**Q** 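This is the structure, below, for whatever I ask next.
Just so it is clear, the model here is predicted, and its values are computed rather than measured. Note that ligands are numbered from 1 as they come in the structure, with each ligand's atoms numbered from 1 the same way. The residues of the chain are indexed from 1 along the displayed sequence.
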Amino acid sequence: MSASSSQFIDPEFKSSVFKKRHRVEELFDFEGCKVGRGTYGHVYKAKSKSSSDTREYALKQIEGRGLSPSACREIALLRELDHPNVLHMRRVFLSHADSKVWLLIDYAEHDLWHIIKYHRATKSPKRLNPPPPLMVKSLLHQILAGMDYLHCGWVLHRDLKPANILVMGEGAERGRVKIADMGFARLFNAPLKPLADLDPVVVTFWYRAPELLLGARHYTKAIDIWAIGCIFAELLTAEPIFHCRQEDIKTSTPYHKDQLERIFSVMGFPQAVPCL
Ligand code: 0ST
């Protein structure tokens with residue numbers, strides 16, 4: 001909050017709110033438990049200090065200071081959502097001393113990227129070793145349930161890929177899918193971060209629908225469904241169906257020739273549909 005607006009707040013009210021406000025480190029143990037660092041900020045695995053709560057949580061410290069527009073968007077969206085297969089945000093902490101924003105989220109031990117990688121690694125040279133069919137069925141069913149919920153509320157994901165499909169580990173919710181968004185795709189749209197400032201990072205277009213690769217400028221539900229189809233195929237074979245050489249994210253055109261050709265070589269070229 002800016003100095004000009006805070007001077008209008010009654011100081012007594014302000015100090016009483018301040019005293020009542022819980023700080024994240026008073027309620028949770030997470031020191032030395034960093035589990036991730038990305039463009040989205042830092043993520044810690046956390047346990048409640050209350051002995052009656054034995055669940056594991058993820059604490060995400062949002063990158064940057066204060067309530068940035070993207071922090072606001074993430075909080076505003078997540079607080080509206082309530083579905084067993086969509087990441088559940090339990091609480092937001094505002095740390096006034098260092099202007100940091102923390103999100104408290106249920107901890108999911110796995111994600112589909114690691115699960116598929118594990119299955120690829122254990123395959124013998126000749127035999128494919130994809131996840132068992134019942135596991136694939138359960139995962140796909142849950143992904144569809146979560147995405148149906150999001151689409152019914154007109155929330156488009158826009159970046160569905162195995163790394164964004166979290167899976168709960170040991171505990172009451174073992175095997176439960178939680179659709180998340182680690183937020184990497186948003187880098188493309190972040191106007192304040194020049195792409196040239198970033199290290200060369202490859203980005204995958206394997207899950208991108210052909211209409212996007214051909215220049216469509218709007219996301220649709222169909223674009224998410226395409227990505228789900230790609231993930232389904234990858235679960236069945238443990239290989240990305242539209243595997244393609246990856247490119248540096250600085251490439252600015254939507255047209256990715258190799259990626260489109262890969263899709264067409266697997267699916268065949270689109271045929272003109274005769275008008276009936
Ligand atoms: O997943 C996270 N955020 C999230 C989820 C989603 C949907 C509901 C679409 C699946 N959107 N977003 C979102 C929205 C992300 C960024 C912005 C700007 C807006 N956050 C999860 C963060 N992870 C980090 C690793 O540990 C678990 C939590």
Side-chain angles (χ1 to χ4, degrees), residues 24 28 30 32-48 55-93 100-115 139-140 142-171 173 176-193 203 207-208 219-228 231:
V24 64
F28 290 90
F30 57 92
C33 301
K34 195 180 275 192
V35 287
R37 161 95 185 95
T39 48
Y40 49 79
H42 302 262
V43 178
Y44 299 82
K45 188 171 168 177
K47 273 258 167 73
S48 167
R55 292 180 69 107
E56 287 177 328
Y57 296 98
L59 268 171
K60 169 174 162 174
Q61 187 192 51
I62 294 183
E63 184 68 29
R65 287 159 67 88
L67 275 169
S68 63
S70 89
C72 277
R73 266 197 29 217
E74 185 166 16
I75 294 166
L77 178 61
L78 293 181
R79 72 194 291 273
E80 294 293 321
L81 302 176
D82 179 19
H83 186 276
N85 299 123
V86 176
L87 185 97
H88 183 53
M89 182 184 74
R90 296 194 169 256
R91 215 174 147 167
V92 179
F93 291 95
K100 284 292 183 185
V101 178
W102 294 82
L103 308 188
L104 180 70
I105 296 161
D106 291 345
Y107 184 74
E109 174 100 37
H110 312 288
D111 63 60
L112 277 195
W113 189 86
H114 283 96
I115 292 173
L139 291 169
L140 187 70
Q142 297 184 70
I143 295 169
L144 287 169
M147 283 312 301
D148 180 51
Y149 170 79
L150 291 175
H151 282 179
C152 285
W154 277 98
V155 178
L156 303 178
H157 192 294
R158 302 186 175 105
D159 193 28
L160 271 173
K161 57 187 176 188
N164 277 333
I165 310 289
L166 309 183
V167 180
M168 306 283 281
E170 286 319 312
E173 288 189 279
R176 179 163 288 171
V177 163
K178 300 276 175 187
I179 299 171
D181 184 352
M182 302 319 218
F184 186 73
R186 247 152 293 279
L187 261 181
F188 288 99
N189 309 328
L192 298 176
K193 207 157 198 162
V203 67
Y207 308 92
R208 229 177 235 206
Y219 284 91
T220 60
K221 294 175 183 178
I223 285 170
D224 285 341
I225 301 292
W226 174 275
I228 297 176
I231 295 170

**Q** Rounded to the nearest 0.5 Å, what separation is found between the CD atom of Glu74 and the CG atom of Asp181?
**A** 7.5 Å

**Q** For the atom pair CG (Leu103) and CZ (Arg79), what is the distance rounded to the nearest 0.5 Å?
**A**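 It is 12.5 Å, given to the nearest 0.5 Å.
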
**Q** Quick check for you: to the nearest 0.5 Å, what is the distance between Glu56 atom CD and Asp106 atom CG?
**A** 10.5 Å

**Q** Which of the numbered atoms in ligand 1 are below 4.0 angstrom from a heavy atom of Met182?
**A**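 Counting from 1, the qualifying ligand atoms are 23 (N), 24 (C), 25 (C).
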
**Q** Hey, which of Ile228, Ile231, Asn164 is the one that makes side-chain contact (heavy atoms from CB on, under 4.5 Å) with Tyr207?
**A**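 Of the listed residues Ile228, Ile231, Asn164, the side-chain contact (heavy atoms from CB on, under 4.5 Å) partner of Tyr207 is Ile231.
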
**Q** Heavy-atom pairs closer than 4.0 Å: do any link ligand 1 to the side chain of Asn164, the backbone, both, or neither?
**A** neither

**Q** Would you say Leu156 contacts ligand 1, with heavy atoms under 4.0 Å as the rule?
**A** no

**Q** Is Glu74 close to ligand 1, meaning an N/O of one under 3.5 Å from an N/O of the other?
**A** yes

**Q** Check ligand 1 against Lys60 and write out every atom of the ligand that is under 4.0 Å from a heavy-atom position of the residue.
**A**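 Under 4.0 Å from Lys60, ligand 1 has these atoms: 20 (N), 22 (C).
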
**Q** Near Leu87, which atoms of ligand 1 are under 4.0 Å from a heavy atom of that residue?
**A**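 Checking each atom against Leu87, I get 1 (O), 2 (C), 20 (N), 21 (C).
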
**Q** Go through ligand 1 atom by atom and flag the ones less than 4.0 Å from a non-hydrogen atom of Ile105.
**A**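 Heavy-atom distances to Ile105 below 4.0 Å select 28 (C).
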
**Q** CD1/Ile165 to CG/Leu139 distance, rounded to the nearest 0.5 angstrom?
**A** 9.0 Å

**Q** Side chain, backbone, both or neither: which part of Val35 comes within less than 4.0 Å of ligand 1 when only heavy atoms are counted?
**A**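 The answer is neither.
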
**Q** In ligand 1, which numbered atoms sit nearer than 4.0 Å to a non-hydrogen atom of Leu81?
**A** 8 (C)

**Q** Using 0.5 Å steps for rounding, measure from the NE2 atom of His83 to the CE atom of Met147.
**A** 11.0 Å

**Q** Would you please indicate if the ring centroids of Phe28 and Trp102 are separated by under 6.0 Å?
**A** no

**Q** Which bit of Val43 is near ligand 1, meaning a heavy atom under 4.0 Å away: side chain, backbone, both or neither?
**A** side chain

**Q** Considering the heavy atoms of Ser70, write down every atom of ligand 1 situated less than 4.0 Å from one of them.
**A**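 It comes down to these atoms of ligand 1: 18 (C).
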
**Q** What distance do Leu77 atom CG and Met89 atom CE have between them, rounded to the nearest 0.5 Å?
**A** 9.0 Å

**Q** Among Asp224, Asp106, Asp181, which one puts a heavy atom closest to atom 7 (C) of ligand 1?
**A**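 The nearest heavy atom belongs to Asp181.
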
